[in-house]
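Structure record follows, encoded as structure tokens.
Remember, predicted model here, so these are calculated numbers, not experimental data. Just so you know, ligand 1 is whichever comes first in the structure, and atom 1 is the first atom listed for that ligand.
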Amino acid sequence: MSDVERDRPRRTFAVISHPDAGKSTLTEALALHAQVLSEAGAVHGKAGRRSTVSDWMQMERDRGISIASAALQFGYRDHVVNLVDTPGHADFSEDTYRVLTAVDAAVMLIDAAKGLEPQTLKLFQVCRHRGIPVLTVINKWDRPGREPLGLLDQIETEIGLRPTPLTWPVGISGDFRGVLDRSSGDMVQYTRTAGGATRAPEERLTPDQAGERHGTDWDTALEEHELLAADGADHDQDAFLAGRTTPVLFASALLNFGVSHLLDTLLRIAPAPAPPTDVDGRTRALEDDFSAVVFKVQSGMDAAHRDRLAYARVQTGTFRRGMVVQHATTGKPFTTKYAQAVLGRERHVVDTAQPGDIVGLVNATALTVGDTIHTGRPVRYPGIDRFAPEHFAVLRARETGRYKQFRRGIAQLDEEGVVQVLRSDLRGDQAPVLAAVGLMQFEVVQQRLASEFNCQTTLEPLPFTLARRVDPADAPTIDRAARVEVLQRTDGTLLALFPDRWRLETVSRNHPDITLHELPAGGG
Ligand code: G4P
């Protein structure tokens with residue numbers, strides 16, 4: 001990155017959506033509008049699409065999904081934009097949630113025909129939990145879909161955010177002519193290009209011109225816009241930042257309609273990286289010494305040698321290639337001499353990075369998710385929550401002779417945060433219990449143990465669906481309750497597992513003096 005880019009203001013965001021809503025298409029459309037600076041495996045490798053280092057697992061290739069996630073960085077106008085990728089698969093893992101700890105805003109992408117879908121809702125809950133402001137893009141307006149007012153109603157009733165459209169479509173879904181820009185009152189008229197492969201030409205029309213060219217379609221848009229204004233559904237920056245409203249844009253990612261409007265909107269209203277708060281509640285100024293938080297660790301990208309990549313979001317200061325940083329957990333210096341690149345298809349090297357940017361540290365074996373690294377004055381940021389697991393299973397090595405590999409593999413996957421590992425004296429170390437937010441995490445564990453540690457495993461699902469944290473003094477009492485088990489997570493936390501909500505409620509009622517602490521909700 002050049003010095004000029006270094007000083008440009010940042011916007012760091014993620015797109016949250018249900019599979020097939022158009023996230024990859026939108027990512028490519030954004031890249032088309034912008035000057036791509038570096039890419040870290042952001043776009044997943046569907047057939048015929050760009051394939052990236054994120055396609056590192058056979059499973060991923062088979063399914064055409066992206067399990068790895070990283071960031072795409074591009075320049076737009078006078079800004080540098082970081083688009084942090086969320087994995088696109090239907091199942092859930094903590095990975096998806098953790099990505100959202102590295103962004104300052106989210107774009108909720110909705111298919112105009114389908115409206116809000118389950119995964120969008122889950123991801124939205126995480127944004128709410130983290131206080132991340134959410135912008136909404138209603139995609140695929142070029143295809144027949146729902147009524148725009150009906151879609152707004154659904155957003156308001158199902159997620160409780162007040163939609164405040166910034167644009168309003170001219171032409172029903174399936175006949176997308178352009179949008180009414182609600183801030184200026186003009187129309188932005190779109191023209192199709194073959195296959196949407198190039199930037200779609202846009203023309204700004206005055207209301208009179210729009211009326212002449214688009215007749216009743218314009219009149220309808222105008223009426224609805226006035227209706228919205230009368231209803232108080234206009235953008236309010238404070239309410240947006242406070243998570244009470246969501247600005248809405250209409251688009252067709254495939255035809256490149258509305259994409260530049262989205263970029264301009266991000267620059268205008270999405271928050272810039274803010275000074276972070278450390279574990280003691282102190283704020284560290286953005287221009288202070290370098291500091292960053294690891295939000296994702298990934299191994300095995302290169303089957304030939306076991307490498308390990310830690311993705312960190314820069315919180316303060318400037319990251320410079322080759323600098324020696326301190327690992328806050330151990331106090332040990334950590335050299336970034338060979339560990340400076342944000343890996344991409346073309347293995348771009350990042351010379352410097354600023355608050356809001358994502359750096360991929362190669363062979364960062366000491367780093368785990370939630371760790372702080374810094375230079376200068378020591379600092380430690382709050383770790384990243386482990387989310388409430390909903391699936392539990394006992395894992396065993398198929399051949400007892402491979403127990404050593406089994407143990408090493410589990411330890412590594414645990415450190416990477418691929419899955420939570422629970423143990424008890426009763427069950428012993430040979431049969432740890434895996435706990436996950438989504439079932440696919442189990443598959444990933446088994447696959448990686450097989451491919452990286454040459455260890456085949458068996459999985460025995462356990463009949464639990466809920467976990468609560470218990471205090472050590474209360475653990476024996478809870479553990480004695482029927483159909484309940486208490487296990488210890490690697491970080492020391494004691495988790496009580498329950499088969500269902502009813503059992504949990506009964507146990508709570510029977511022990512009114514014991515608190516069963518809720519864990520951070522992943523899925524809402
Ligand atoms: P995802 O990453 O969210 O899973 O979605 P992706 O971009 O892969 O898009 C899913 C499908 O929806 C793709 O079609 C894509 O072309 C289509 N799509 C995305 N945005 C739009 C849009 O604005 N308008 C229309 N009409 N279609 C859109 P596909 O047939 O599954 O794949 P492909 O063969 O086109 O790649």
Side-chain angles (χ1 to χ4, degrees), residues 13-33 39 41-52 54-55 60-72 83-93 95-96 99-100 106-124 135-146 148 151 167 169-179 188 190-200 202 248-263 438 440:
F13 76 106
V15 176
I16 60 172
S17 65
H18 196 82
D20 276 343
K23 183 155 65 76
S24 318
T25 311
L26 179 67
T27 305
E28 287 177 28
L30 288 169
L32 184 74
H33 277 260
E39 186 181 348
V43 184
H44 64 87
K46 283 198 177 172
R49 290 232 179 95
R50 288 182 289 172
S51 163
T52 69
S54 69
D55 295 3
E60 180 177 31
R61 257 175 254 132
D62 294 347
R63 297 186 179 207
I65 52 169
S66 169
I67 292 169
S69 49
L72 176 76
L83 168 50
V84 186
D85 189 33
T86 50
H89 47 80
D91 195 16
F92 248 20
S93 71
D95 211 35
T96 318
V99 162
L100 293 171
V107 167
M108 178 164 79
L109 189 66
I110 296 177
D111 183 325
K114 296 187 180 147
L116 280 173
E117 295 179 88
Q119 186 153 333
T120 325
L121 281 169
K122 278 194 168 194
L123 287 163
F124 168 73
L135 260 138
T136 299
V137 171
I138 297 182
N139 190 32
K140 307 196 187 182
W141 201 255
D142 60 298
R143 280 212 312 222
R146 301 200 194 168
L151 285 163
T167 62
V170 178
I172 55 167
S173 53
D175 180 24
F176 196 10
R177 311 211 177 167
V179 292
V188 181
Y190 301 130
T191 307
R192 278 174 188 253
T193 58
T198 50
R199 292 173 65 149
E202 292 180 1
V248 181
L249 295 164
F250 289 80
S252 164
L254 190 67
L255 301 180
N256 273 302
F257 290 3
V259 176
S260 58
H261 213 119
L262 170 61
L263 280 169
M440 190 184 272

Original post:
Considering only heavy atoms, does Arg143 approach ligand 1 within less than 4.0 Å through its side chain, its backbone, both, or neither?
Top reply: side chain
**OP:** Considering the heavy atoms of Ser252, write down every atom of ligand 1 situated less than 4.0 Å from one of them.
**Re:** 22 (C), 23 (O), 24 (N)
**OP:** Give yes or no for whether the N/O distance cutoff of 3.5 Å, strictly under, is met between Ala253 and ligand 1.
**Re:** yes
Original post:
What heavy-atom pair brings Pro19 and Gln119 nearest, and what distance separates the two atoms?
Top reply: CD-OE1, 3.8 Å
**OP:** Can you sort out which atoms of ligand 1 are near Lys23, meaning under 4.0 Å from one of its heavy atoms?
**Re:** 1 (P), 2 (O), 3 (O), 5 (O), 7 (O)
Original post:
Does Leu254 offer a backbone N or O that forms a donor-acceptor pair with the side chain of Thr25 under 3.5 Å?
Top reply: no
Original post:
Are the side chain of Asn139 and the backbone of Ala253 linked by a donor-acceptor contact shorter than 3.5 Å?
Top reply: yes
Original post:
Given the rule in the side chain to side chain contact (heavy atoms under 4.5 Å, CB included) test, do Trp141 and Phe257 qualify, once you have shown the distances and angles that lead to the verdict?
Top reply: CA-CA 9 Å; Trp141 201 255; Phe257 290 3; over 6 Å; no
Original post:
Hey, does Asp20 come in under 3.5 Å of ligand 1, counting only N/O atoms on both sides?
Top reply: yes
Subject >> side chain to side chain contact (heavy atoms under 4.5 Å, CB included) evaluation trace for Val188 with Thr167 >> reply: CA-CA 9 Å; Val188 181; Thr167 62; over 6 Å; no
Subject >> N/O separation below 3.5 Å, Thr25 to ligand 1 >> reply: yes
**OP:** Over all heavy atoms of both residues, which pair between Lys140 and Ala112 is shortest? Give the atoms and the distance, please.
**Re:** O-CB, 4.1 Å
**OP:** For Pro19, take its heavy atoms, then give the atoms of ligand 1 lying under 4.0 Å from any of them.
**Re:** 4 (O)
Original post:
Does any N/O atom on Leu255 come nearer than 3.5 Å to any N/O atom on ligand 1?
Top reply: no
Subject >> Side-chain touch Met108/Thr120, heavy atoms, less than 4.5 angstrom >> reply: yes
Original post:
Does Leu254 reach ligand 1 with a nitrogen or oxygen that is under 3.5 Å from one of the ligand's nitrogen or oxygen atoms?
Top reply: yes
